[in-house]
Amino acid sequence: MKVEVKAVHFNMHDSAREYLDKKLERIQYAKDLITDLLFTFTKEKTFKAEVTINFRWGPVAHLVDEDFELPPAIDKLMDKAEHKISKEKEKIQEKK
């Protein structure tokens, strides 16, 4: 699982990257199902957090969330990502 992180209109501090890495531990169970996780964090009036998840078997999921602070935006985005990954994992298990 390759993780790429981009920060647009601000510099992402090490503490924010560590926070994201800590949250990524929640989806370690699916690391063999995902080829790429592409994160983009944009700061305008609010922080816009986006992730594109490329699954090994083809589908791509694009999730977006916003908040006034970066950590809550990461939390909301990871909640959505975890839910999406578990649903995709269930779909694959049903086909077997």
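From a predicted model like this one, the values you see are computed outputs, not experimental measurements.
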Quick check: is [Y] connected to [X] through a chain of hydrophobic side chains (ILVMFWY, heavy atoms under 4.5 Å apart)?
X     : Y     : value
Val60 : Val51 : no
Val8  : Phe47 : no
Met12 : Val64 : no
Val5  : Leu37 : yes
Ile27 : Ile92 : yes

Taking C-beta and beyond as the side chain, do [X] and [Y] meet within less than 4.5 Å on heavy atoms?
X     : Y     : result
Asp79 : Arg26 : yes
Ile74 : Phe41 : yes
Ile34 : Phe55 : yes
Lys6  : Leu38 : no

Query raised in the report: Looking at CD of Glu18 and NZ of Lys23, how far apart are the two atoms once the value is rounded to the nearest 0.5 Å?
Result: 14.0 Å
Query - From Met78 atom CE to Lys22 atom NZ, the distance as rounded to the nearest 0.5 Å - result: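 Nearest 0.5 Å value for the CE-NZ distance: 12.0 Å.
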Query raised in the report: Any Lys/Arg nitrogen of Glu88 or Lys91 sitting under 4.0 Å from an Asp/Glu carboxylate oxygen of the other?
Result: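 A salt bridge links Glu88 with Lys91.
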Query raised in the report: Shortest non-hydrogen contact from Lys89 to Tyr29?
Result: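 So the two residues come closest at NZ-CD1, 3.7 Å.
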Report summary line: Between Ile85 and Ala30, the two heavy atoms sitting closest are CG2-CB, 3.4 Å
Side-chain polar contacts of residues 65-72 - donor-acceptor pairs under 3.5 angstrom, sequence neighbours left out - could you list them?
residue	atom	partner	partner atom	Å
Asp65	OD2	Lys80	NZ	3.4
Glu66	OE1	Thr46	OG1	2.6
Asp67	OD1	Glu69	N	3.3
Asp67	OD2	Lys76	NZ	2.8

Requested in this report: Take Phe39 and Leu20 through the side-chain contact (heavy atoms from CB on, under 4.5 Å) test and state the conclusion after the steps.
Outcome: CA-CA 10 Å; Phe39 288 94; Leu20 177 62; 4.0 Å; yes
Query raised in the report: Under 3.5 Å, is there a donor-acceptor pair between the Asp14 and Tyr19 side chains?
Result: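 Per modelled atom types, Asp14 and Tyr19 side chains form no pair under 3.5 Å.
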Report task. May I have all residue pairs that pass salt bridge (charged side-chain N to carboxylate O under 4.0 Å, His left out) and include part of residues 27-46, sequence neighbours excluded? Result ->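 Counting only pairs at least two positions apart or across chains, no salt bridge (charged side-chain N to carboxylate O under 4.0 Å, His left out) contact touches residues 27-46.
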